[in-house]
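Notes to accompany the following structure.
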Number of protein chains: 2
Amino acid sequence: MPSATRKPQSRRAARREAIRDRLLEVVQRLLDDGESFTEISVERMVQEAGMSRSTYYVYFEDKGDLLRAWFGEIESEIAAAVSGWWEIDADSSREDLRAALARVVEVYHPHAPLMAATYDAAEYDPSVRELVNAMMGANIASLRKHIRNGQAAGFIDPDLPPAETAQWLTWMAERAFHVFLRGLRPAQLRTQIDAYTAIVWNTLYAPVRTGA
Amino acid sequence: MPSATRKPQSRRAARREAIRDRLLEVVQRLLDDGESFTEISVERMVQEAGMSRSTYYVYFEDKGDLLRAWFGEIESEIAAAVSGWWEIDADSSREDLRAALARVVEVYHPHAPLMAATYDAAEYDPSVRELVNAMMGANIASLRKHIRNGQAAGFIDPDLPPAETAQWLTWMAERAFHVFLRGLRPAQLRTQIDAYTAIVWNTLYAPVRTGA
DNA sequence: GGTTGATCGTACAGTATGTCCGGACACTAT
DNA sequence: ATAGTGTCCGGACATACTGTACGATCAACC
């Protein structure tokens, strides 16, 4: 009998992580082959990972649980990358912005397929939807705050409506990351980052620079 | 017996349209209640429209066929609205741009729920996916051409990479229309159109104006 | 050698999709 | 009136996927 003090949860949690990673690898591969998460059945997933379906349901509540387990871990990594943007201020150059946005793209890029799967699953799985909405909400709120600060400090176009502009720009990035940056080779990202930088720079920061 | 010269297809086609509209009304209502198209079963749809499930399959191939039938008709309406944007040139004011974009938003807005459903169904229905990709591709190509023309004519920032910028801006609009403009009352659209105009104006046209 | 934990196979209920068919009903031409 | 035609309904069916349950198996470990 295992002692009551030795928590039995930790072994199980570790096992869950191992299985999760094994499955995510399979899912990633199937996604790269052009299938959507909705089209991938648990049976298929589990079979290609060499595991029985019943084992899956030992560790995961349902199909979406796999993505939820992954999302929780990745979220902070993304948030850390994005936070570099908020350090842009009156003293920053366009190159500084480019570096900050490039970092976001580069951190996001390897996770694009699974991220897209998560946004896909959000369409029919309410608990995934909640996660996704929370993340987007947080990102939008951060950018809105940055815009407000920048307007107060005079380095962001004062004519922009902060909340709405934050919404448009944040969702723009979301689509870009999931739809057309996905699958690009790192070298091909350069021009995409150029375009992203140009849009953000021209929209937010350029108007008050050329004017000054 | 109906004469062989009197095409029996026309009656059927008309009937199909009538049924399609009846069903789309139901779907629209369910979507407005916060459900996603994936979550709505044919059974439910058909039942709330007071029709049998077998009748549905007389007129439609599968679940996605309903959306495909609708999408074909609506596409040209959208395309017509967007084409106003391409008339912006060196002589146009920011107000002209705003009017053009406002028209796009206003034409799109009432169709937002069904459009979102179509983009949702694209995740698991390949033939819907094809339609959606074709439309986005066409829109992106139009904007890319506009950017190229504008750069040649000197009224659009020459530093922008045309293809990539077109991609980012087009997908930005897609998300906006489907995700957060959806459900807004017409009066609430004003500030959103302001933000949209500001982003497009600052990105494309403003840089070469303040500079000149 | 017996206990434990992890996994497997299988079976089951529930739900959805798409197909098929027989019957009911109305309209219409003869 | 009646037979043909178009339209719809209800139900049955095959298939597929989800999530749950349970007994069997196998390896590790005291």
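Computed from a prediction, not measured in an experiment: that's the story for all the values here. Just so it is clear, the values below take in all heavy atoms, side chains as well, and ignore hydrogens, waters and symmetry mates. Labels below follow one simple rule: chain letters A, B, ... track the order of the sequence lines, proteins then strands, and each chain is numbered from 1.
Ion pairing of Glu48(B) with Arg44(B) is present here, as a side-chain N (NZ or NE/NH1/NH2) and a carboxylate O approach within less than 4.0 Å. A salt bridge links Asp65(B) with Arg68(B): the closest approach of a Lys/Arg side-chain nitrogen to an acidic carboxylate oxygen falls below 4.0 angstrom. Here Arg129(B) pairs with Glu39(A) in a salt bridge; the nearest charged N to carboxylate O distance falls below 4.0 Å.
The structure places OG1 of Thr118(B) at 8.5 Å from CG of Leu131(B), a figure rounded to the nearest 0.5 Å.
No side-chain donor-acceptor contact under 3.5 Å links Asp194(A) and Thr191(A).
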Nucleotide N/O of nucleotides 10-14 of chain D paired with protein N/O under 3.5 Å:
from: dG10(D); atom 1: N7; to: Ser54(B); atom 2: OG; distance (Å): 3.1
from: dG10(D); atom 1: O6; to: Ser54(B); atom 2: OG; distance (Å): 3.0

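Shown are Trp171(B), Trp168(B), Phe180(B); of these, the ring-ring contact (aromatic ring centres under 6.0 Å, His included) with Trp168(A) is made only by Phe180(B).
Going from atom CD1 of Ile19(B) over to atom P of dG6(D) covers 16 Å, rounded to whole Å. As a whole-Å value, the separation of Arg16(A) CZ from dA6(C) P is 14 Å. Rounded to whole Å, the distance from OH on Tyr59(B) to C1' on dC9(D) is 13 Å. For Tyr124(A) and dG19(D), the OH to C1' distance is 14 Å, given to the nearest whole Å. The CD atom of Glu61(B) sits 16 Å away from the P atom of dT17(C) (whole-angstrom rounding). The CG-P distance, from Asp125(A) to dC17(D), rounds to 18 Å in whole Å. For Lys63(A) and dA16(C), the NZ to P distance is 16 Å, given to the nearest whole Å.
Using a 4.0 Å cut-off, no side-chain N or O of Arg12(B) falls inside it from OP1 or OP2 of dT7(D). The phosphate of dG19(D) (OP1 or OP2) has a side-chain N or O of Tyr57(A) nearer than 4.0 angstrom.
The two residues Arg16(A) and Phe60(A) come nearest to each other via the heavy atoms NH1-CD2, 3.6 Å.
Contacts between residues 23-50 of chain B and DNA chain D, defined by a heavy-atom separation below 4.0 Å, involve Gly50(B), listed by number.
Applying the ring pair (Phe, Tyr, Trp, His ring centres under 6.0 Å) criterion to His178(A), with sequence neighbours excluded, gives Tyr108(A), Tyr119(A).
At the heavy-atom level, Tyr56(B) lies nowhere under 4.0 Å from the strands shown. Across all strands shown, Phe60(B) has no heavy atoms under 4.0 Å from either base or sugar-phosphate atoms.
Taking the six-membered ring for Trp and thresholds of 30 and 60 degrees, Trp86(A) and His146(A) have ring planes inclined between 30 and 60 degrees apart.
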